[in-house]
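Taking it in order: structure first as structure tokens, then the write-up.
Because only heavy atoms are used, hydrogens play no part in the values below, and waters and symmetry mates are left out as well, while side chains stay in. Since the model is a prediction, treat every value here as computed from it, not as a measurement. All ligand and atom numbering here is 1-based and tracks the order in the structure.
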Amino acid sequence: MSKARKFVIASLFKGEPKVDDFSIEKEELPSLKNGQILCQAEYISVDPYQRVYTHKVGATMIGPQVARIVESRSPEYPVGRHVVASLGWRDQTVISVVPTDGDTLPPVLVPDYGDLPLSLALGVLGMPGATAYFGLLDICHPKPGEVVVVSGAAGAVGSIVGQIARIKGCKVIGIAGSDLKVKWLKEELGFDHAFNYKTVNVEKALKEAAPNGVDVYFDNVGGEQSSAVVANMRHRGRISVCGCISTYNATKVAMAPVVQMHMVRKELKMEGFMVTRWVDQWDKAFKEMAQWIKEGKLKYRETVTEGFENTPDAFIGMLRGENLGKAVVKV
Ligand SMILES: NC(=O)c1ccc[n+]([C@@H]2O[C@H](COP(=O)([O-])OP(=O)(O)OC[C@H]3O[C@@H](n4cnc5c(N)ncnc54)[C@H](OP(=O)(O)O)[C@@H]3O)[C@@H](O)[C@H]2O)c1
């Protein structure tokens, strides 16, 4: 028997989460039964949805991690291999490789991507990468020469969306929350235009960058920014609604200009999605994106916070926009 640590909700979030809203608890780990493995967390993912789906005091914080198998009673999951699994903010966990609880997905062995870091299984070669790939390609079908706008452009999902659109021959405009992010998008990721929504008028900046309008909008943020993009769409434009992070910490119902008249007159199509829709195809996307990374066509960046005990800081920092690319914790 050994003791593991986990973060639980000490008080429900009001507005922006605070470090005191979390507490560390210790838990006894049981001895392994047949079909079980002991996982030692190496990287924990902090993601926006963890802000939205956390409603109960005492609940363990949710989220995926990359973990090393340190003990195994399953031949398919040998000691030393790594898995991606939704184990929450825990440093050690005993799990069944075939979960008995129908709500839990089985752990997935991390494929061998050669020199690429394991943590990418939480970012570009994980759920956020799949979100960018399918949310852009399957919903918006971007064509060469079209104008693609992405909000939350310097984050885990947005930075990959913009680069995939470039790979597909589109003109790409990114909207992000700092001058440093704008510089990174333009100078390193090859975005055609980018601007800081905190310092410019989004509608005016869009009119300058895309005088003939926008064909595709990948929406990570919702709210006023998104209404401004929708108002600048071209006839038969497509909008992929991925998230609305501008509202996750809001304490009042957010208001934004009405978009329906633009949608009617320009015959726009808007579709929301959950990335789990394509879970049986994620592998295909990861293989293609790993190849793009090796060919230098797709770049990734991680903002790494060191230390399990600093996971709440990493989470709060990500919600504040302190991350470039994917925010992860190195346990
Ligand atoms: N539909 C799905 O299946 C699915 C799956 C994964 C993610 N998502 C959604 O995709 C979006 C991006 O997720 P991610 O993992 O890539 O996170 P991320 O972009 O890496 O991190 C969150 C970013 O949100 C931005 N932000 C915070 N407050 C904001 C505000 N008030 N207005 C505008 N931007 C704000 C910050 O960047 P700035 O500095 O630019 O403000 C911050 O860096 C989220 O909405 C998330 O919920 C959806």
- Task: Could you give me the CA-CA distance, side-chain angles and deciding distance for Asn310 and Thr305, then say whether side-chain hydrogen bond (donor to acceptor under 3.5 Å, both in side chains) is met?
- Result: CA-CA 7 Å; Asn310 296 322; Thr305 301; over 6 Å; no

- Task: Check step by step if salt bridge (Lys or Arg N to Asp or Glu O under 4.0 Å) holds for Glu27 and Lys6.
- Result: CA-CA 8 Å; Glu27 61 184 356; Lys6 63 175 183 176; 3.4 Å; yes

- Kindly tell me which protein residues have any non-hydrogen atom under 4.0 angstrom away from an atom of ligand 1, grouped by chain and ordered by number?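 The 4.0 Å shell around ligand 1 contains Pro48, Met127, Thr131, Gly155, Ala156, Val157, Ala176, Gly177, Lys181, Tyr197, Asn220, Val221, Gln225, Cys242, Gly243, Cys244, Ile245, Ser246, Tyr248, Phe273, Met274, Val275, Met318, Leu319, Gly321, Asn323, Gly325.
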
Ring centres under 6.0 Å, that's the criterion: do [X] and [Y] meet it?
| X | Y | value |
| --- | --- | --- |
| Trp278 | Tyr133 | no |
| Trp89 | Phe22 | yes |
| Phe7 | Phe308 | yes |

- Can you tell me how far the CE atom of Met270 sits from the CZ atom of Arg238, to the nearest 0.5 Å?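 Rounded to the nearest 0.5 Å, the CE-CZ separation comes out at 14.0 Å.
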
